[in-house]
Amino acid sequence: FIPREVLSYVRESVSNRRQELYGKYYEVVPGVSGKAVLLDGYTAYIEAQPRRSQQVSGAFSVEAWIALGAYPKHWCPIVDNQRDMHEGYFNGYFFGIDALGRLMFRLATTGKNEQLVSSETLPLNEWKHVAGVYSPEDGMKIYIDGNLVGSRKVDDRFRPATSGISILIGKSRVKHRPFGTIRPHGTMEVFTFLDGIIDEIK
C-alpha cells in the first residue's frame with residue numbers, strides 16, 4: 001500500500017463526477033470489470049456528497065461485486081444512504097455486511113426500520129456479486145451471485161433519505177463497539193471499515 005493522507009477520488013460512470021476517496025492506505029487493483037478499489041479495513045472509504053440525482057424512491061436495487069479480506073468488526077456498509085437511527089429519524093437504506101459475514105439490507109418505512117439478514121455467509125478472498133432489492137409489491141430480497149438468500153414482506157412503503165444524507169461506501173456512519181466485546185465498559189466505540197475489494201457499485 002502507498003500512504004495517502006486524505007484524499008484521492010474515484011469516478012462515478014453515470015454522471016462522470018469525482019467521488020472522494022479517503023484514507024491512508026488503499027490500492028487500485030484489477031476488478032471484475034476494469035479497475036477496483038482495495039480498502040484497508042482501518043482508514044479507507046468513499047463518500048459521495050448528497051445530490052438530488054442520488055435519491056431513490058419506489059422500487060430500487062443496490063448491488064456490487066466484493067471480495068472480502070476479513071469480516072468487519074461490526075455492521076459495515078457496502079452502500080449506506082440512511083440517517084443514523086440514534087438521531088431518531090427513519091429514512092433511507094443501508095446494504096452491508098455484519099461481523100459474521102452475512103449481508104444485511106435495511107430500509108426505513110413509516111416510523112420504523114425494516115431489516116433483512118441473509119441466510120448465507122460470504123466467503124473470504126473470493127469475488128461475489130451481492131444485491132439488495134426492494135419493491136412495494138414484493139418487499140425486500142437479498143441475492144448472492146443471483147441466488148435468493150433472504151426475503152421478507154414490508155407493510156409500509158420505503159421512505160427515501162433526505163437530500164442532505166451522503167452515500168458512504170466502506171465505512172460505518174456512526175461508531176459501535178466491536179461485535180463480541182467481552183468488557184463493554186472497557187472497550188471504546190469505533191468506526192467500522194471494509195477490508196476487501198469493491199467494484200461495480202450500482
Side-chain angles (χ1 to χ4, degrees), residues 12-15 19 31-33 46 48 50-68 71-72 74-123 126-174 179 192 194 196-202:
E12 181 188 342
S13 62
V14 175
S15 67
Q19 306 296 347
V32 293
S33 175
I46 298 165
R51 297 198 317 274
R52 184 179 298 276
S53 62
Q54 293 170 349
Q55 291 181 275
V56 297
S57 60
F60 72 94
S61 63
V62 55
E63 62 181 273
W65 283 91
I66 59 173
L68 293 177
Y71 298 133
H74 202 277
W75 286 114
C76 185
I78 298 169
V79 179
D80 177 0
N81 187 222
Q82 186 170 58
R83 184 182 290 276
D84 173 29
M85 291 184 295
H86 294 101
E87 296 180 18
Y89 295 91
F90 297 95
N91 54 45
Y93 66 89
F94 173 103
F95 184 55
I97 306 163
D98 75 356
L100 302 177
R102 302 172 302 180
L103 290 168
M104 192 262 274
F105 187 29
R106 186 176 69 215
L107 57 85
T109 60
T110 305
K112 62 181 178 179
N113 269 308
E114 301 285 355
Q115 181 172 300
L116 173 63
V117 179
S118 69
S119 60
E120 295 185 15
T121 298
L122 292 169
E126 183 179 337
W127 279 113
K128 288 291 177 180
H129 182 266
V130 296
V133 178
Y134 163 77
S135 72
E137 297 77 21
D138 297 328
M140 305 164 66
K141 296 182 179 181
I142 294 176
Y143 294 88
I144 299 176
D145 288 338
N147 299 312
L148 182 66
V149 293
S151 65
R152 69 172 292 179
K153 292 288 187 178
V154 177
D155 292 332
D156 297 317
R157 289 183 177 266
F158 168 64
R159 292 183 61 187
T162 56
S163 58
I165 305 301
S166 66
I167 290 179
L168 276 176
I169 298 168
K171 177 193 174 186
S172 64
R173 198 171 293 274
V174 297
F179 174 80
T192 304
L194 186 70
I197 310 173
I198 193 162
D199 195 13
E200 293 294 298
I201 297 174
K202 299 179 182 179

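Here, residue 1 is the first one in the sequence, and each next residue gets the next number.
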M140 side chain near V133 side chain, heavy-atom distance below 4.5 Å = no

Could you tell me whether the side chain of W65 reaches within less than 4.5 Å of the side chain of K128, counting heavy atoms only?
-> no

What one should report as the nearest heavy-atom pair of P136 and G58 is CD-C, 4.5 Å

Q82-N113 side chain donor-acceptor pair, cut-off 3.5 Å | yes

CH2 on W75 to OG1 on T192, rounded to 0.5 Å = 11.5 Å

Start with the C-alpha distance between I169 and I201, add both sets of side-chain angles, then the distance that settles side-chain contact (heavy atoms from CB on, under 4.5 Å), and finish with yes or no.
-> CA-CA 9 Å; I169 298 168; I201 297 174; 3.6 Å; yes

Look up atom CD1 in I46 and atom NZ in K171, then write down how far apart they are to the nearest 0.5 Å.
-> 13.0 Å

Gap between atom CG of L168 and atom CD1 of I78 - 0.5 Å precision = 13.5 Å

Smallest separation among heavy atoms of R173 and S166, with atom names | NH2-O, 2.9 Å

E114 and R152 ion-paired at < 4.0 Å | yes

Judged by atom type as modelled, is there a donor-acceptor pair below 3.5 Å linking the side chain of N81 to the main-chain atoms of I165?
-> yes

Measuring from R102:CZ to I142:CD1, what's the distance to the nearest 0.5 Å?
-> 10.0 Å

Of all the heavy-atom pairs spanning S172 and V174, show the shortest one and how long it is.
-> OG-O, 2.8 Å

Could you tell me the separation between the CG atom of L122 and the CG atom of D145, rounded to the nearest 0.5 Å?
-> 9.0 Å

Below 4.5 Å, heavy atoms only, C-beta onward: do F105 and Y134 meet side chain to side chain?
-> yes

Would V56 and F158 count as a side-chain contact (heavy atoms from CB on, under 4.5 Å) if you check the C-alpha gap in whole Å, the side-chain angles of each, and the deciding distance to 0.1 Å?
-> CA-CA 10 Å; V56 297; F158 168 64; 3.9 Å; yes

If we only count heavy atoms from C-beta on, is the F95 to M104 side-chain gap below 4.5 Å?
-> no

Calculate, to the nearest 0.5 Å, the distance between atoms CG and CD1 belonging to L68 and I97 respectively.
-> 4.5 Å

Run the side-chain contact (heavy atoms from CB on, under 4.5 Å) check on V32 and W127 step by step: do they pass?
-> CA-CA 8 Å; V32 293; W127 279 113; 3.6 Å; yes

Name of the residue among L116, I144, T121, V117 meeting side-chain contact (heavy atoms from CB on, under 4.5 Å) with L103 = I144

For the rings on F60 and Y93, is their centre-to-centre separation under 6.0 Å?
-> yes

In sequence, state the C-alpha distance, the side-chain angles, and the governing distance for K141 and L148, and then conclude on side-chain contact (heavy atoms from CB on, under 4.5 Å).
-> CA-CA 7 Å; K141 296 182 179 181; L148 182 66; 3.7 Å; yes

Answer whether the closest heavy-atom distance between the side chains of I197 and I66 falls below 4.5 Å.
-> no

